[in-house]
Amino acid sequence: MCGIAGYIKLTNEPTAATQEAVGRMASVIRHRGPDSSGAFQNEHISIANTRLSIIDISANANLPMHSSDGSVWICYNGEISNFKELRAKYKLEEKYPFRSTSDTEVIIYLYKLLGISFLNELSGMFAFCLYDRDLQKVYIVRDFYGILPLFVSFRDGGIYFASEIKAFLEIPGFNAHLNPTAIHHFFSLAYIPDSLTPYKEIRELKGGELIEVELRTSNYEFRKYYDFVYKEDFSISADEAIKTTRALLIDAVERNLVSDAPLGMTLSGGIDTSAMLGIVKHLGLGHKMHTFSLKMGESSFDESRYQRIMAAYAGSIHHEILVTPDDVIEQMLSQISYIDEPNGNGACIPSFILAQQAAPIVKVLLSGEGGDELFNAYPSIAAYQMRKLYRSLAPAFVRNIFRKGIQMLPADYRKLSFDFKAKRFTGGAELSVPEAHLYWRHVFSEEQKAILLNGDFDRTPTQSFYDKIYYESGIDNEINRISLIDMKHFFIDDLMVKNDRTFLANSVEGRFPFMDRILVDYVTKLPVKYRVRHFSKLRWVEKEAMKPYLPNEIYKRDGFGLEMPHAVWFMDKLGKFAEKYLNKKMVDQTEILNWEFIEKIWKIHLSGKQDFGRPIWCVLNYLIWFDMFILNKNYKSYWHQPPVRKAPQWS
C-alpha cells in the first residue's frame, strides 16, 4: 500500500507554493510508503506518492506512474487482486509496452482501453487520482467498499486530496475548525460516520464514490459508480450456495496471497481468520505462513486457546502477542497520533501493537475483517431474530415489567456479560428495527449527548444515518437492510479506519479477502436463509463451506470479536492514566464537553454500580485527540518513527 496526496486545478493553476505544500502532505504520510516516493506537477495537477513496495518491488513500479506516451498519470494506493487475470483477459501486453509487473500499470492500460468504466472489472482495494491529459479530465476514486481511505478539501481554487487527514494540516493557512456535528455522532457510534471528519473543511469520499473533474470547464461532480445490490436469488440451492461460496473463498484468499514481499496473517481464533488459514493449509502453504495473534490479559477476553488450536492444525509459524494495561498505556498516545480522528474502537491499540510486532517479519497481513458483515455474524442479527419472537409472545406490559427487572441486575464488567446483553436486548426490543440496531451498539443516547455536549450546532439524531439506509434502500429483506447499514457505516467508518491507520502506521499492508468483490457480489445475492438459519445459526453458509478446512473446535464456535477490557482495566492502572485527561481543566478546554456529566459517570463506573467503560473510553480517546491535534498540535511528537523529511523527487 501507499500514501497519496495532491492538488487538482479548478480555477487556480498549481504554483511553486502548491508543489511545496503537496510535498509536505506526502512527507507526513511517509509511514504509508517508506520504500520510495515521487511526484509530478504541470499546469493542471500536482501529485505526490509514497510507496510501500509489495507487487514488483523494483524501481520500475515506483509511483506516481504514467503511461508510455505520458498521456495518463496515476497517483495510486492499493492492491488489485485480479490484476493478473485482467492483464491476460484483455491481452494488454500485446497492446501496450509494459515496463513492470505491477497492478498499477494494469490500471493505467485498462483505463486507456476501456475508459473509466474499467472500474467495473476490478476486484480489490484502491484509492487513486488519475489524470488524462488528452481528455483533460481527472478522476479521484475510492474503492467499492471504502477499504482504503481518501479525503478531499476544496480550497485555493482547487481540490486537495490525501490518504490521511493529517496531510491537510500541512497546507499553509488551512483552517482546522472543529466540526461539532461530527463529534456529536462520534459519541453515539464510537466513530465518525459517512463523509464527515472532525474538521469542517475536510470530507471523506464514500465507498464506491468518485469525483470527476472536467479541467476545460473547471466543473466537477461527485458520482456513485458502485453500490451493494442485496437482491436475493431464490434459484440458488443450499448445496450450490455452499459449493460456490467455498470456491470463491478459496479463490479470494489465493489471489490475496500474491506478493513479492513477505506476507503473514492475523489469527483471532474466530471463524473468519481460521477459515483463511484453513484455506492456506489446503493450498499447501500452512507451514510457510506467519500467523499473529493477540492474547488479551483478561480471562473473559482471551481467545488464545482457539488461536493455538488453529495454528497447530495448520502448522503455521505462530506468534502470540500479549496485551496488558501497561502496553495500552505505553502505546495509546502514539496510536491516536496516527489515527487522526477520534475513534473508540477498543481493538485499535491491540491492532496497532500487533502490526508493530509483525512489521520486522512481514510487509503484508491478511485480515478477516468483513467476514462478520458479509455473512451476518454479529450478535445484533441474532437479537433482531429474537426481537420478533419476544414481541410476538410477550405482551407489552409483561415486557415492561421484565425490562425494569433486568435493569436492576448488578453490573458485570466481563465481556458480553449476561447483564449487558439482557439490558441492551430488552431496551432495544421495544424500538423499530433500525432504532434497535443502533441501540444495541450505541455509546451515548441522544438524551445523554444533550447533557454531555455543549454548544449550538446541528444535532440531527445519529439514528438518521441508519434510518436513511433502512427505509430508502429499496431492499426487501430486513436482514439485508441491516447488512447494508453495517457495510456502509460500521465496516467503512470504524473497522477500516482501525485497520488502515494502525497497520500503515507501522508500514504494514492489510488485505481483506472477505471483501474481495467477486465473493461479495455472490454472497449478497444469496437468499438470507443461507446466511442466517433460524434464530441463532449465523454465518451458516460460510461455516458449512469452510467445514472441511477447520478443526471441530473452531467450526462449532460462535462469534467473539476482538475487544479490549477497558471497563475492567479502568479500575486499576488504566484508570490512573485516564485521570490525567479526565479532569475539569482538560475537559473545560474542549468547550464542547460537560465535566459534571463526565465526572458523574466516571464515579459510577469506579463504584461498580454500572458499566460505563465504553463511554468513558470514547471520552478519553476524544480528550487525547483534542489535546494533540487541536489544543497543542503536537501530534508529531508522538510518532514512534518520525517521517522521512526528504522531499519527493518531482518530474
Worksheet item: Does a side-chain N-to-carboxylate-O contact under 4.0 Å join K363 and E509?
Response: no
Contact check, side chains of M496 and Y145, non-hydrogen atoms, under 4.5 Å: no
Stepwise side-chain contact (heavy atoms from CB on, under 4.5 Å) check, K498 with E369
CA-CA 11 Å; K498 175 199 75 176; E369 298 285 26; 2.5 Å; yes
Quick check: does any side chain N or O of E209 sit under 3.5 Å from a backbone N or O of K206, one acting as donor and the other as acceptor?
yes
query = Would F503 and T266 satisfy side-chain contact (heavy atoms from CB on, under 4.5 Å), going step by step from the backbone distance to the final call?
reply = CA-CA 11 Å; F503 282 16; T266 63; 4.2 Å; yes
Looking at R557 and G269, would you say the former's side chain and the latter's main chain have a donor-acceptor pair under 3.5 Å? yes
Y378 versus E373, side-chain donor and acceptor atoms under 3.5 Å: yes
* Say whether, by atom type as modelled, one donor and one acceptor occur between the side chain of N343 and the main chain of I339 under 3.5 angstrom. => no
Between R142 and G208 (side chain of the first, backbone of the second, donor and acceptor by atom type, cut-off under 3.5 Å), is there such a pair?
no
Nearest heavy-atom contact between S334 and S337 is O-OG, 2.6 Å
CG (N175) and CG (L169) are apart, to the nearest 0.5 Å, by 11.5 Å
**Report entry** Any donor-acceptor pair under 3.5 Å from T181 side chain to D458 backbone
**Finding:** yes
Quiz prompt | Derivation and outcome, salt bridge (Lys or Arg N to Asp or Glu O under 4.0 Å), residues E430 and R399 | solution = CA-CA 9 Å; E430 301 306 313; R399 300 199 305 268; 2.8 Å; yes
Residue set satisfying side chain to side chain contact (heavy atoms under 4.5 Å, CB included) with R308, at least two apart, ordered chain then number -> K295, S304, E320
Under a 4.5 Å cut-off applied to non-hydrogen side-chain atoms, are P434 and Y471 in contact?
yes
Determine all donor-acceptor pairs shorter than 3.5 Å in which one atom belongs to a side chain in residues 571-580; sequence neighbours excluded.
from	atom 1	to	atom 2	distance (Å)
K573	NZ	D326	OD1	3.2
K573	NZ	D326	OD2	3.1
E579	OE2	W602	NE1	3.0

Shortest non-hydrogen pair, A26 vs A5, comes out as N-CB, 4.1 Å
For I4 and I29 the tightest heavy-atom approach is O-CD1, 3.6 Å
Exercise. In sequence, state the C-alpha distance, the side-chain angles, and the governing distance for E164 and R501, and then conclude on salt bridge (Lys or Arg N to Asp or Glu O under 4.0 Å).
Key: CA-CA 9 Å; E164 294 185 12; R501 307 307 188 279; 5.2 Å; no
Heavy atoms of Q463 and L438 approach each other most closely as OE1-CD2, 3.2 Å
The reported gap from CD1 in I183 to CG in L452 (rounded to nearest 0.5 angstrom) is 11.0 Å
Residues 442-457 vs salt bridge (charged side-chain N to carboxylate O under 4.0 Å, His left out), sequence neighbours excluded, gives E446-K449
Taking the ring centre of each residue, are H184 and F444 less than 6.0 Å apart? no
Original post:
Are the side chain of T273 and the backbone of G368 linked by a donor-acceptor contact shorter than 3.5 Å?
Top reply: no
Quiz item: Does the pair E341 and K166 meet the rule for a salt bridge (Lys or Arg N to Asp or Glu O under 4.0 Å), with working shown?
Solution: CA-CA 9 Å; E341 59 186 292; K166 65 172 66 69; over 6 Å; no
Separation between CG (L582) and NE2 (H605), nearest 0.5 Å, reads 11.0 Å
Answer with yes or no whether the side chains of H442 and S188 bring together a donor and an acceptor at under 3.5 Å. no
Residues I192 and D493: closest non-hydrogen pair is O-CB, 3.6 Å
Hey, would you say the Y338 and Y635 ring centroids sit under 6.0 Å apart?
no
>> For the residue pair S299 / D302, report whether a side-chain donor-acceptor contact shorter than 3.5 Å exists.
In response: no
**Asked** Are L196 and E204 side-chain neighbours, meaning at least one heavy-atom pair lies under 4.5 Å?
**Response** no
The complete set of salt bridge (charged side-chain N to carboxylate O under 4.0 Å, His left out) pairs with one or both residues in residues 264-274, sequence neighbours excluded, reads D272-R539
Quick check on the 6.0 Å ring-centre criterion: do F465 and H489 meet it?
yes
Quiz item: Mind checking whether W569 and M564 have side chains closer than 4.5 Å, heavy atoms only?
Solution: yes
Here the gap from R481 atom CZ to Y384 atom OH, rounded to the nearest 0.5 Å, amounts to 8.5 Å
* Quick one: does K633's side chain have a donor or acceptor within less than 3.5 Å of a partner on I630's backbone? -> yes
Check step by step if side chain to side chain donor-acceptor pair (under 3.5 Å) holds for S351 and N499.
CA-CA 7 Å; S351 295; N499 279 274; 5.4 Å; no
inquiry  = Taking the side chain as everything from C-beta on, heavy atoms only, tell me whether V328 gets closer than 4.5 Å to F352.
reply    = no
Q. Is V443 close to L189 at the side-chain level, that is, under 4.5 Å between some pair of heavy atoms?
A. no
One should read off an interatomic distance between D486 CG and D494 CG, to the nearest 0.5 angstrom, of 11.0 Å
Here the gap from F151 atom CZ to T197 atom OG1, rounded to the nearest 0.5 Å, amounts to 7.0 Å
Q. Taking 4.0 angstrom as the limit, do R614 and E563 come out as a salt bridge?
A. no
message: Using side-chain heavy atoms (C-beta onward) and a distance below 4.5 Å, is L52 in contact with P34?
response: yes
| K200 vs L178 side-chain heavy atoms within contact, under 4.5 Å | no
With a 3.5 Å distance limit and no angle check, can you tell me whether H319 reaches the backbone of F292 through a side-chain donor-acceptor pair? no
Does a donor on one side chain sit under 3.5 Å from an acceptor on the other, for D194 and H185? no
Distance-only check: which donor-acceptor pairs under 3.5 Å involve side-chain atoms of residues 617-629, not counting sequence neighbours?
from	atom 1	to	atom 2	distance (Å)
N621	ND2	W617	O	2.8
W625	NE1	D340	O	2.9
D627	OD1	N632	ND2	2.8

*Under 3.5 Å, is there a donor-acceptor pair between the side chain of R32 and the main chain of C2?*
yes
Heavy atoms of R459 and A450 approach each other most closely as NH1-CA, 3.9 Å
(request) Return the orientation label for the F168 and F174 ring planes: parallel under 30°, perpendicular over 60°, tilted otherwise. (result) tilted
*Distance-only, no hydrogens or angles: does the E435 side chain make a donor-acceptor pair with backbone N or O of S432 under 3.5 Å?*
yes
Applying side chain to side chain contact (heavy atoms under 4.5 Å, CB included) to N594 and not counting sequence neighbours gives I451, N454, E596, F597
* **Aromatic ring pairing Y466/H437, orientation class (parallel under 30°, perpendicular over 60°, tilted between)** => tilted
**Message:** For H31 and S507, which I'm curious about, is there any donor-acceptor pair between the side chains at under 3.5 Å?
**Reply:** no
